[in-house]
Each structure stands twice: as C-alpha cells, then as structure tokens.
Amino acid sequence: MNDKTTRNNSKFERDLTGKTFSHIDRIGKLMIFEFKNEPDLFLLSHLKMTGQFFYQNKSKVISGGGHSMTKEDSEALPNKHTRVFFELTNGSALFFNDMRKFGYLALTNLAGKNIAKSGYGPEPTATDFDYKKFHAGLSKKGRAIKAVLLDQTFIAGLGNIYVDEALFAAKIHPEKKAKDLTFKEAKAVSKAGGEIMLKSIASGGTTFQNFKDTGGQNGNYKDFLKVFGKQNTPCPRCKTIIKKIKVAGRGTHYCPRCQK
DNA sequence: CTTTCTGTTAGAAA
DNA sequence: ATTTCTAACAGAAA
C-alpha cells in the first residue's frame with residue numbers, strides 16, 4: 001500500500017463497504033476484482049515482489065484484545081505486514097500483506113481498467129498465442145531476449161524465475177539479441193514459458209523465500225526449477241556448472257553449454 | 001558494522 | 001523511439 005492509497009483509506013473504505021465481490025479477473029500479474037451490480041467499479045491489485053493475500057475463515061479471525069505470544073499467534077492476522085484487510089459478511093476476512101510495500105490495491109472505473117489492460121501484451125498461456133507475430137516483434141528488438149521476455153507490454157505474465165526457466169528449456173542464452181532468434185527459437189521459448197507458467201500454477205507457484213498462497217501454503221514449483229537459484233550446481237541436461245550473471249538488472253541463471 | 005541481494009515495474013535518464 | 005538505470009521498501013545474507 002503506498003502513501004497515496006493510505007491517505008485515501010477512508011474513501012477506499014467508503015467506496016467498498018457493502019459491495020459484493022463477484023469475480024476475479026487477471027491480466028499478466030495484475031488482479032482485477034469485479035463487484036456485483038457495479039459495472040463501473042474495479043479493484044486492481046498488483047503483488048509486485050512480496051505482496052500476498054490471505055483468506056481466513058470465521059474461526060481463525062482474531063477478534064482483537066490482548067493475547068499471549070504463542071507459536072500459533074505468530075501466524076495471527078492482521079500482522080505488521082498487513083496493509084489492508086476486508087471483513088466479509090460471512091465472518092471471514094481477506095488480508096493483503098506486503099512486506100516491501102511495492103504492491104498496491106487501487107479502485108478504478110471501467111475506463112481505468114481498460115487502460116490498465118491495454119498496457120499488456122499477449123499471454124503465452126493463451127491457446128491462440130500468435131508465434132509468427134511474436135517472432136516478428138522480436139525481430140525489431142535489439143536488446144537481450146531476457147529483457148524482452150520480462151517486458152509486460154510485449155508479452156504478459158512471465159517474471160524473472162520463469163524467464164530463466166523458459167530460456168533454459170528452449171536452449172537460448174539470456175543475453176542473445178532478441179532480433180537474432182529464429183522463428184523456431186521464438187516459438188520454443190514462448191511455448192515453454194506458457195507451459196512452465198501453467199505447470200507452476202498447478203503446483204501452487206514458487207516459494208523462493210516466503211511466498212504463501214491465499215491459504216498460507218507454500219508453492220511447490222521450486223521442486224521443478226532447473227536453473228533458477230541453481231548457480232554453481234551441475235546442469236540437469238549436460239552437467240556443466242550453472243552460471244549466475246546479471247541481465248536487464250536481474251539475477252540470471254543459465255547453462256553456458258546448453259544455452260546459445 | 002556495511003554492502004549486496006531479492007519474486008516488479010514506473011518513470012527518469014541516456 | 002528505444003533502452004538502461006534507479007527508486008520505491010524491508011529484511012536476509014554475506
């Protein structure tokens with residue numbers, strides 16, 4: 001929650017009190033909450049680096065007042081990283097936690113939601129993802145392929161972990177110029193990216209340090225990672241030691257032998 | 001102790 | 001126009 005939203009808390013509360021969540025949409029890493037009978041009201045939320053949503057049913061929601069610091073209480077919500085929480089009519093609650101405060105919740109209207117959506121490129125998970133168009137786009141980019149894959153306006157949804165994993169799957173060096181990818185490579189890396197995302201979603205995401213899902217569970221995709229965080233260990237394909245370098249300002253892991 | 005690193009991206013600078 | 005760098009923040013690790 002940034003300062004701007006904090007200052008607007010009372011308006012934020014006023015605008016949402018009595019409303020009913022009806023559906024949660026998404027584009028890239030942006031969550032879009034919709035409301036029953038409110039076609040011109042949307043709640044946008046981005047988790048950025050450390051944002052988390054937690055849902056607790058009635059029995060677990062604390063009612064306030066003094067309590068001892070037991071082990072169980074260490075997971076009590078709200079806690080010091082809780083920026084916003086919603087008390088729902090069935091007695092349960094939804095908490096938005098964000099240690100580093102980069103994430104946000106923001107109310108907007110239909111026009112605002114559409115503007116936000118228009119800033120995103122196609123999703124590699126889409127069944128109609130256009131590989132030809134993707135390759136044509138790459139051919140105009142002189143930067144490293146990794147930088148382009150992280151560019152949400154160009155292709156939506158991939159973050160640092162999955163870009164490294166997709167480049168490894170497609171055997172492409174992260175610093176290779178985007179324009180130098182063949183059609184075959186462009187198709188392979190975008191296809192791998194989409195498949196990796198879907199597999200990760202199916203296993204609850206990647207818990208790198210302290211990510212938890214809405215119910216407080218770790219993600220299990222870390223068990224499937226091939227190169228991310230695997231620097232100084234053998235490549236699962238060729239046993240060459242995985243390297244870690246910096247590309248586009250981000251920690252980048254790759255196999256110097258497999259990825260050309 | 002200080003420095004560097006971290007799952008993201010908007011906005012400034014080049 | 002496009003690309004790179006920096007800042008926003010808190011905490012863990014080196």
Colleague: Do the side-chain N or O atoms of A:K141 get closer than 4.0 angstrom to the phosphate oxygens (OP1, OP2) of C:dT2?
Modeller: no
Colleague: Could you give the CD-to-C1' distance, from A:Q231 to C:dA14, as a whole number of Å?
Modeller: 13 Å
Colleague: Would you kindly give the OH-to-C1' distance between A:Y104 and C:dC9, to the nearest whole Å?
Modeller: 17 Å
Colleague: Any side-chain N or O of A:R250 below 4.0 angstrom from OP1/OP2 of B:dC5?
Modeller: no
Colleague: Will you find, in the side chains of A:S92 and A:N57, an N or O donor that is under 3.5 Å from an N or O acceptor?
Modeller: no
Colleague: Across the strands shown, which category fits A:T206 at heavy-atom distances under 4.0 angstrom: base, sugar-phosphate, nothing?
Modeller: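 Base, at least one base heavy atom under 4.0 Å.
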Colleague: Could you check whether A:G251 gets within reach of a base, just the sugar-phosphate, or nothing at all, counting any heavy atom under 4.0 Å?
Modeller: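 If one applies the 4.0 Å heavy-atom cut-off, A:G251 turns out to touch the sugar-phosphate alone, with no base involved.
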Colleague: So with a 6.0 Å cut-off around CD of A:E38, is the heavy-atom count from everything else above 12?
Modeller: yes
Colleague: Rounded to whole Å, how long is the line connecting atom CD1 of A:I196 with atom P of B:dG7?
Modeller: 16 Å
Colleague: Please measure how far the C1' atom in B:dT4 lies from the corresponding atom in C:dT6, and state the result in whole Å.
Modeller: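 Comparing C1' positions in B:dT4 and C:dT6 gives a spacing of 16 Å.
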Colleague: I want to verify a distance call: between B:dT8, C:dA10, B:dT6, whose nearest atom is closest to the A:M99 side chain?
Modeller: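 Taking heavy atoms from C-beta onward, the closest nucleotide is C:dA10.
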Colleague: Does A:H46 place a side-chain N or O at less than 4.0 Å from the phosphate oxygens OP1/OP2 of B:dT8?
Modeller: no
Colleague: Verify the cluster assignment for A:L158 and A:I196: are they in a single hydrophobic cluster under the rule of side-chain heavy atoms below 4.5 Å apart?
Modeller: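 Yes: a chain of side-chain contacts under 4.5 Å links A:L158 to A:I196.
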Colleague: Shared ILVMFWY cluster between A:F33 and A:L41, side chains joined below 4.5 angstrom?
Modeller: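 Per the 4.5 Å side-chain linkage, A:F33 and A:L41 are co-clustered.
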Colleague: Rounded to whole Å, please give me the gap between CG in A:L150 and P in C:dT4.
Modeller: 12 Å
Colleague: What nucleic acid atoms does A:G142 come within less than 4.0 Å of, heavy atoms only: base, sugar-phosphate, or nothing?
Modeller: sugar-phosphate
Colleague: If you measure from the P atom in C:dC9 to the same atom in B:dC1, how many Å do you get, rounded?
Modeller: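 Per the computed distance, 22 Å lies between those P atoms.
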Colleague: Would you mind telling me which residue lines up with the more 5' stretch of DNA chain C, A:K48 or A:H81, judged by nearest nucleotide?
Modeller: A:K48
Colleague: Please list every donor-acceptor pair under 3.5 Å in which a side-chain atom of residues 112-122 of chain A meets a protein atom from a residue at least two apart or in another chain.
Modeller:
{"unit_1": "A:N114", "atom_1": "ND2", "unit_2": "A:L110", "atom_2": "O", "d": "3.4"}
{"unit_1": "A:K117", "atom_1": "NZ", "unit_2": "A:D25", "atom_2": "OD2", "d": "3.3"}
{"unit_1": "A:S118", "atom_1": "OG", "unit_2": "A:I115", "atom_2": "O", "d": "2.7"}

Colleague: Quantified in whole Å, what is the P atom distance between nucleotide B:dC5 and nucleotide C:dC5?
Modeller: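 14 Å, rounded to whole Å.
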Colleague: Taking NZ from A:K146 and C1' from C:dT4, how many angstroms apart are they, rounded to a whole number?
Modeller: 15 Å
Colleague: So, applying side chain to side chain contact (heavy atoms under 4.5 Å, CB included) with A:V148, which one of A:R143, A:K179, A:K177 is it?
Modeller: A:R143
Colleague: Please determine if a side-chain N or O atom of A:Q152 lies less than 4.0 Å away from the OP1 or OP2 oxygen of B:dT8.
Modeller: no
Colleague: Think A:K80 has a side-chain N or O under 4.0 angstrom from the OP1 or OP2 of C:dG11?
Modeller: yes
Colleague: Whether the A:K19 and A:N37 side chains hold a donor-acceptor pair (N or O, under 3.5 Å, no angle test) is what I'd like checked.
Modeller: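 On atom types as modelled, these side chains do not qualify, holding no pair under 3.5 Å.
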Colleague: Can you tell me how far P of C:dT2 sits from CZ of A:F154, to the nearest Å?
Modeller: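 Roughly 11 Å, once rounded to whole Å.
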Colleague: Under 4.0 Å between a side-chain nitrogen and a carboxylate oxygen: does that hold for A:E195 and A:K199?
Modeller: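 Answer for the salt bridge query: no.
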Colleague: Could you check how far CG of A:N97 sits from P of C:dC9, rounded to whole Å?
Modeller: 18 Å
Colleague: Does C:dA8 have OP1 or OP2 under 4.0 Å away from a side-chain N or O of A:R100?
Modeller: no
Colleague: In dot-bracket form, how is DNA chain C paired, counting a Watson-Crick or G-U wobble pair only if both its distances are under 3.5 Å and using | for bases paired to another strand?
Modeller: .|||||||.|||||
Colleague: With a 4.5 Å cut-off on side-chain heavy-atom distances among I, L, V, M, F, W and Y, is there a chain of contacts connecting A:L167 to A:I242?
Modeller: no
Colleague: Which value, in whole Å, describes the distance between the P atoms of nucleotides B:dG7 and C:dA14?
Modeller: 16 Å
Colleague: Scan residues 158-182 of chain A against DNA chain C and write down, sorted by residue number, each residue with any heavy atom closer than 4.0 Å; if none is found, say none.
Modeller: none
Colleague: Does A:S22 use its side chain to pair, donor to acceptor, with the backbone of A:E34 at less than 3.5 Å?
Modeller: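 Present.
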Colleague: Need to verify one output field. Residue with the more 5' nearest nucleotide on DNA chain B, A:G249 or A:T153?
Modeller: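 The residue mapped nearer the 5' terminus is A:G249.
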Colleague: Please state how far atom CZ in A:R143 lies from atom P in C:dA1, giving the value in whole angstrom units.
Modeller: 16 Å
Colleague: Base, sugar-phosphate alone, or nothing: which one does A:K222 contact when heavy atoms must sit under 4.0 Å apart?
Modeller: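 The residue A:K222 makes no contact with any strand.
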Colleague: Need one value for A:Y221: base, sugar-phosphate or nothing, where a base atom within 4.0 Å counts as base even if backbone is also close, heavy atoms only.
Modeller: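 Counting heavy atoms under 4.0 Å across all strands, no contact is made by A:Y221.
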Colleague: Does the side chain of A:Y131 pick up a donor-acceptor pair with the side chain of A:S190 at under 3.5 Å?
Modeller: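 No - no donor-acceptor pair under 3.5 Å links their side chains.
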